[in-house]
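These notes are about the structure you will find just below.
Protein chains get the first letters and strands the later ones, always in sequence-line order, with residue 1 at the start of each.
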Amino acid sequence: MPELPEVETTRRGIAPHVQGRRVRAVHVRQGQLRWPVPDALARDLPGQSIESVARRAKYLLLTTLRGTVIIHLGMSGSLRIVPADAPPGPHDHLDIVFDDGRALRLRDPRRFGAVLWTRDAPAAHPRLSALGPEPLDHHAFTGAYLHGRARGRRQSVKSFLMDARTVVGVGNIYANEALFAAGIRPTTPAGRISLARYGRLTAAVRQVLREAIAAGGTTLRDFVASDGQPGYFRQRLQVYDRAGEPCLTCGTVLRSARIGQRSSFFCARCQR
DNA sequence: CAAGACTCCTGTCAGC
DNA sequence: TGCTGACAGGAGTCTT
């Protein structure tokens with residue numbers, strides 16, 4: 001169930017096997033994902049070469065000269081490179097088969113993911129057009145940006161940070177971790193946080209995401225990279241899923257709370 | 001308008 | 001052992 005680091009890990013894993021390859025066929029075994037897989041995918045993609053494998057927010061973009069495949073992994077999706085004749089498992093919904101006899105295979109038990117196809121510029125696609133800045137873009141994602149956007153908002157800073165219109169890619173794990181790293185209580189109204197603290201928050205978000213990417217992401221249950229390997233950031237989590245355990249900074253017992261229907265974890269001493 | 005609840009789906013786990 | 005309910009890394013859509 002990927003956030004930005006897991007999607008980026010997936011992107012880096014599949015890119016060398018996919019880039020420059022020509023698509024031979026598209027096999028859709030279960031087309032009822034978040035949205036129906038469009039018929040145009042299997043019609044237009046075969047014969048095309050993959051020019052690049054990019055990421056915008058948590059979307060993967062496989063670009064060709066004729067259009068772009070847009071893939072979202074939802075909560076439970078993963079992509080693997082497999083021999084095209086490998087028998088699919090029960091949740092292996094879609095294969096993109098390449099000219100080297102291998103395939104990019106999407107597995108997604110919960111089917112919250114999506115595979116879309118657009119012939120226009122992907123940035124203009126309705127799913128991508130209203131997204132906020134990339135968190136690793138330090139020109140766009142600044143303390144001043146967050147502070148200005150939060151003005152007058154009573155929403156909790158955690159929900160504000162997880163809203164893709166504010167900034168993309170920060171899901172539940174990394175929102176919890178970044179707020180801990182910045183020393184900010186997740187329940188604080190977004191509009192009541194100073195410019196200086198937002199500066200610290202943007203730095204914390206970038207730091208946490210960079211470290212998680214370097215560790216290959218976080219595996220809680222079923223996330224695997226395209227080579228089947230889990231991510232190793234779990235052992236570095238400071239607060240996520242650690243309610244009742246001691247804070248690794250000060251020893252205070254960590255607390256949990258429900259914020260916007262999402263589990264939240266914090267240290268009442270380190271985060272104020 | 002902003003903010004919160006609800007929804008999609010399957011798997012897993014705690015508690016009885 | 002088996003059943004039930006809560007919950008899970010997302011995010012679009014609906015309601016208040």
Side-chain angles (χ1 to χ4, degrees), chain A residues 1-10 29-37 55-60 70-79 89-94 106-116 125-132 135 149-179 186-192 205 208-209 212-213 215-225 230-244 256-265:
Chain A
M1 308 167 196
E3 301 183 39
L4 187 147
E6 292 74 39
V7 177
E8 180 61 22
T9 296
T10 299
R29 284 177 288 271
Q30 167 58 274
Q32 297 306 305
L33 304 182
R34 174 97 199 224
W35 297 281
V37 176
R55 178 189 60 74
R56 169 73 172 115
K58 298 172 190 166
Y59 293 92
L60 287 168
I70 301 173
I71 301 174
H72 197 292
L73 299 176
M75 289 276 264
S76 58
S78 60
L79 290 169
H91 301 298
D92 290 340
H93 303 314
L94 182 143
L106 172 72
R107 170 174 300 183
D108 186 3
R110 292 178 74 178
R111 286 193 272 134
F112 288 178
V115 180
L116 304 170
H125 192 277
R127 298 275 70 79
L128 305 185
S129 60
L131 294 174
R149 228 188 124 75
R151 190 165 309 167
R153 305 275 293 265
R154 282 162 302 183
Q155 182 185 33
S156 72
V157 63
K158 178 165 180 264
S159 296
F160 174 68
L161 189 61
M162 290 177 64
D163 186 335
R165 292 167 299 187
T166 304
V167 61
V168 300
V170 184
N172 200 31
I173 295 179
Y174 300 110
N176 278 294
E177 294 295 311
L179 287 163
T187 47
T188 309
R192 295 218 336 260
V205 167
V208 167
L209 294 180
I213 291 169
T218 300
T219 296
L220 295 178
R221 316 179 158 67
D222 53 5
F223 170 74
V224 289
Y232 295 101
F233 195 71
R234 183 176 194 177
Q235 55 210 72
R236 307 248 290 277
L237 295 175
Q238 303 292 299
V239 292
Y240 184 83
D241 206 21
R242 294 195 62 239
S256 64
R258 202 93 183 145
I259 302 173
Q261 289 84 243
R262 310 304 295 274
S263 293
S264 307
F265 307 90

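- Across all strands shown, A:F160 has no heavy atoms under 4.0 Å from either base or sugar-phosphate atoms.
- Distance CD (A:E6) to P (C:dA8): 16 Å, rounded to an integer number of Å.
- A sub-4.0 Å separation between OP1 or OP2 of C:dA11 and a side-chain N or O of A:R127 is absent.
- If you check every strand for non-hydrogen atoms under 4.0 Å, A:G171 touches sugar and phosphate atoms only.
- The nearest whole Å value for the distance from the CZ atom in A:R165 to the C1' atom in C:dG10 is 14 Å.
- At the heavy-atom level, A:Y240 lies under 4.0 Å from the strands shown only through sugar-phosphate atoms.
- Straight-line distance from the CG atom of A:N172 to the C1' atom of C:dA11: 13 Å, rounded to whole Å.
- Side-chain N/O atoms of A:R258 and A:S264 include no donor and acceptor closer than 3.5 Å.
- The nearest whole Å value for the distance from the CG atom in A:D241 to the C1' atom in C:dG9 is 11 Å.
- Base pairing of B:dA3: its partner is C:dT15, meeting the Watson-Crick or G-U wobble criterion (both donor-acceptor distances under 3.5 Å).
- Comparing the C1' positions of C:dA6 and B:dC6 gives an interatomic distance of 16 Å, to the nearest angstrom.
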What does the list of N/O pairs under 3.5 Å between the protein and nucleotides 3-7 of chain C look like, with a distance for each?
none

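- Taking the P atoms as reference points, B:dA3 lies 22 Å from C:dG9, given to the whole Å.
- Side-chain N/O atoms of A:R153 include one lying less than 4.0 angstrom from OP1 or OP2 on B:dA3.
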Pick out the pairs of N or O atoms, protein on one side and nucleotides 8-11 of chain B on the other, that lie under 3.5 Å.
residue : atom : partner : partner atom : Å
B:dC9   : O4'  : A:R110  : O            : 3.4
B:dC9   : O3'  : A:R111  : NH2          : 3.0
B:dC9   : O2   : A:R110  : NE           : 2.9
B:dT10  : OP1  : A:R111  : NH2          : 2.9
B:dT10  : O4'  : A:P109  : O            : 3.3
B:dT10  : O3'  : A:H91   : NE2          : 3.3
B:dG11  : OP1  : A:H91   : NE2          : 2.7

